[in-house]
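Below is one structure, written out as structure tokens, with a few remarks after it.
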Amino acid sequence: MAEAADFQGTRPSPALRRLRRIGALLTGGLLLAGLLQLPAAAPADATGQTTPQAASGVGSVSVSVDSLTPSAPTEGDTVTVTGTVTNKSKQTVTDARVGLRVGPLLNTRSGIDSLTRNSDDVQSVVSPEIGGKYAEEFPRLTPGVSRPFSISVPVAKLDLGEDGVYPLAVSLAGQTPAQPWEQVLGVQQTFLPWQPGKTGTRTKTTFLWPLISTAHMTAETGSNEQQTPLFRDDDLAEEISPGGRLDRMVALGRDLDVTWVIDPDLLASVDAMTERYEVQGEGDTDTVGSHQAVAKRWLAEVQQAVADREVVALPFGDPDLASLAHTGTAVTGSLSHLKEATGVASDTVESILHVKPTTEFAWPVNGAVDPSIVKVATSAGADKVIARSDTFEESGDLSYTPSAPRPIGGGTTAVVADARLSTAFQGDMTKASTSTQAVQRFLAQSLTLGLQTGKQRSVVVAPQRTPSASQAQTMAEALTALQDRAWSESQDLTAAARTKPDPAATTKVPSASAYPSSLRRHELPRSAFEQIARTQDKLDRFKVILSDQSRVVTPFGRALNRGMSVSWRDRGTEAAVYRSGVEAYLDTLIDQVKLIDKSETKLSGRSATIPVTVQNNLVQGVEHLVLRLSSTNPTRLEIGGDAYEEQPIAVSGGHSQSVKFTTSANANGRATVVAQLYTQDGQKYGDPVTFDVKVTEITATVMLVIGGGVLLLVLAGFRMYTQRKRAAAREAEEQHDEAGEDVDGPPDPGASAARPEEPGAGARADTPEQPSDPAPDTAPESADPSGAGERVDR
């Protein structure tokens, strides 16, 4: 906010109260002036005023304010301050007295900031001590010793004037041997908000109550039907156990008027713990989780706490919007993960908590925005971005803090949270003094903001994403005190976003150069998004072959969402290990479906079949795969009548299947064959298997078979030959007998032309030869082998 926004419109203080204050100051001055006449009196300061001597800077005695009740008193209350004083010097302090001092009205928010930075500076003490019985005395404070104190004083004795914030100093005055006069040796200043009566307008305050953790679940699940999840560690059980951080967040938030902001991944992780789950151990040893009862109890308490309350669901895994905008968008597909994370958020929350959440809000880290962050934040459907006033600064001369909503164009609203209120609970709140100071500062800033103008405004408080248990306790104390005050009333986030914007408020989104470098240094690197994209590409190729894709797509999809979570900031090494573990496990699953290696295959003859085996070690079946067998030398070896052949593959879970391919050899020699699995869209799946096929057209076995066949043919031919020869001999004998009977008959005129020893010689030369006739070139009844050069047909 511009400094001009710190000034409030004030109204005149009562004249009587003013005169009383002036009179008290004059009286104190006269009394102290009289002390100057004493031998051991404190010297006067440069202005001539004679307040107790203040040491330079931080005092030698530490003063802590451990409680201040009530935090914002009203008429008739008694203010009680408790704490401790500790002598940090090497000298004994004598005549020590702890008292209260009320300073002048603080009418600016920057004045509160300044006093916070110098709350233990003894030089800032200028107001008189209330004194009297409203003090506690210690005759001696030895070095290193701490003493508790408790002072109660009626509000009427504090002489508070008009409404506003008053500094309340708890000081210790005393003497030391080196400086034997009364001086302020230690102080702790806090704030006393004062507005006893009703006001015309009340600030509408929205307080975000975040339920967010880090990534705990891996992508790995069991092979059983329930898919037992595997957790990185069991730290989540500690957070949700009684007294744990998330347990305290739920227990405290249940009684507060807050808007719950929830990461669905947290709910999904705890829900997974209600059944059987395992936790990664050392090496390959996993242990069985045992916090099912704790998980069930916590979820039941969350369900009760959010009933009838507004719930804002962040995208699953709480992705780092700034990292996505600055480095992730350069990697193809990164924004699709944000859309998926947003898409599953509502269903996850509703199924577990049984309430319908809103997904209209995006929450960048620390509310820091620039145009690219706004573009990414709204790309998944959100139309409201939770920003913060320390990066969305006012550029005009507003004299007050404007309402939260700002229309920034394109139908998008920036809901600007107040930076001072949102950062009030950071730091170590385990000390009672620190917690008390945070509560008083929060109330002081809230009241001062409300008194700036008579306009009613909507203010949003967006604290740190993962408050510790002590921070949550402090937040609850501050919010409880605020809800009982007359200057504020509760409002949910959706209502705040719909409030009419202040026309004088800036609507310009800060430029990219204005983005805090302290935040940019901790963003996820581009390599993180490249690894996520690589893993997603592998998952896309793997899922198409599965008969039940949900068993793999769901756990891996959510693990990829976790891989870009805000929680990885400042944990770069852990983040890299997590993402690598997701990718490595996916590689393991992909390798469960593969081709079995083959050694050299011998192919005898011109044709044969070659078997190739596909093994599926997954628990579910695979389908939509194609197995291709290719010959690198198709002129020597053809597969399926071509250079390659393809066959569809479907293998049941835990089984193997062999596929046979027909091959034809054209020449002897060695041919290399490659087997490769493909998805149905033509993408290679897994590694190929390459093996050699040795082609031998005629082998010894084949020669033996052929020789046996030729021998059978020769024997069959010889038998036919002998049978024909015998038949020819019988026919010749019969003809000879017929010729002998014709000797006594009349002579045959052609008998002299035929010779008995040349049967058939009288036949005509052009008479065609019959198939059954004996071969003319084979000698009758000759058993000799065929002559050289003769071919026997077979």
Side-chain angles (χ1 to χ4, degrees), residues 211-250 262-303 313-314 316-318 341 344-345 347-354 466 535 539 548-563 565 567-568 571 574-575 577-586 588-589 592 618-620 653:
L211 284 185
I212 302 172
S213 186
T214 58
H216 295 282
M217 290 183 68
T218 69
E220 188 170 348
T221 59
S223 59
N224 54 347
E225 185 68 24
Q226 294 75 24
Q227 288 190 265
T228 300
L230 180 67
F231 282 67
R232 298 175 58 244
D233 49 51
D234 216 7
D235 294 348
L236 185 55
E238 181 178 346
E239 287 192 282
I240 63 176
S241 294
R245 185 184 72 84
L246 291 173
D247 175 73
R248 295 300 301 151
M249 288 291 296
V250 175
I262 301 178
D263 176 8
D265 178 34
L266 171 61
L267 299 180
S269 299
V270 179
D271 187 58
M273 292 173 61
T274 61
E275 303 294 339
R276 176 183 170 85
Y277 72 98
E278 295 183 352
V279 181
Q280 285 181 340
E282 297 294 333
D284 296 330
T285 304
D286 299 331
T287 59
V288 178
S290 58
H291 296 92
Q292 287 81 1
V294 171
K296 292 177 181 178
R297 179 196 62 83
W298 187 82
L299 283 181
E301 292 185 355
V302 176
Q303 291 173 0
L314 298 175
F316 193 99
D318 190 18
V344 302
D347 291 342
T348 302
V349 173
E350 188 172 9
S351 64
I352 297 175
L353 298 185
H354 312 302
T466 54
T535 305
L539 179 61
D548 185 2
Q549 296 185 4
S550 63
R551 288 183 64 91
V552 173
V553 172
T554 299
F556 274 98
R558 302 295 75 80
L560 293 179
N561 294 146
R562 298 184 187 104
S565 173
S567 65
W568 296 122
R571 299 193 301 150
E574 288 184 66
V577 170
Y578 180 83
R579 291 189 299 268
S580 297
V582 173
E583 183 178 14
Y585 180 58
L586 179 58
T588 301
L589 292 182
Q592 298 303 302
L618 297 174
V619 296
Q620 63 170 298

Problem set entry | Shortest non-hydrogen contact from Ala559 toward Ala219 | CB-CB, 3.6 Å
For this session: May I ask you to decide if the ring planes of Tyr585 and Phe556 are parallel, tilted or perpendicular, using 30° and 60° as cut-offs?
Result: parallel
Exercise. Nearest heavy-atom pair of Asp247 and Ile240: which atoms, and what distance?
Worked result: CB-O, 3.7 Å
Problem set entry | side chain to side chain contact (heavy atoms under 4.5 Å, CB included) between Asp263 and Ser213, intermediate numbers included | CA-CA 8 Å; Asp263 176 8; Ser213 186; over 6 Å; no
For this session: Mark yes or no for whether Thr274, through its side chain, and Asp271, through its backbone, hold a donor-acceptor pair below 3.5 Å.
Result: yes
Exercise. Could Arg248 and Glu239 be called an ion pair, given the rule that one side-chain N must be under 4.0 Å from one carboxylate O?
Worked result: no
Exercise. Closest heavy-atom contact between Tyr578 and Met217?
Worked result: OH-O, 2.8 Å
For this session: Could you pull out the closest heavy-atom pair between Thr535 and Leu586, with the gap in Å?
Result: O-CD2, 3.4 Å
For this session: Of all the heavy-atom pairs spanning Thr348 and Pro264, show the shortest one and how long it is.
Result: CG2-O, 3.7 Å
Exercise. Would Arg297 and Glu301 pass as an ion pair if we require N to O under 4.0 Å?
Worked result: yes
Problem set entry | Min side-chain heavy-atom separation Thr228-Glu275 under 4.5 Å | no
Problem set entry | Side-chain heavy atoms of Leu211 within contact of Val250, under 4.5 Å | yes
For this session: Taking the side chain as every heavy atom from C-beta outward, state whether Glu574 and Arg232 have any atom pair closer than 4.5 Å.
Result: yes
Exercise. Looking only at heavy atoms, which two atoms of Arg551 and Ser223 are closest? And how far apart?
Worked result: NH2-O, 3.5 Å
Exercise. Would Asp286 and Tyr277 count as having a side-chain donor-acceptor pair, cut-off 3.5 Å?
Worked result: no
Exercise. Can you tell if the side chain of Gln227 reaches within under 4.5 Å of the side chain of Thr554, non-hydrogen atoms only?
Worked result: no
Problem set entry | Polar side-chain atom of Gln592 near backbone of Thr588 as donor-acceptor pair, under 3.5 Å | yes
For this session: Please confirm whether Arg558 makes a cation-pi placement over Phe316, using NZ or CZ under 6.0 Å from the six-membered ring centre and within 45° of the ring normal.
Result: yes
Problem set entry | Pair Arg562-Ser567, side chain to side chain contact (heavy atoms under 4.5 Å, CB included): steps then yes or no | CA-CA 9 Å; Arg562 298 184 187 104; Ser567 65; over 6 Å; no
Exercise. Between the side chains of Asp233 and His216, is a donor N or O closer than 3.5 angstrom to an acceptor N or O?
Worked result: yes
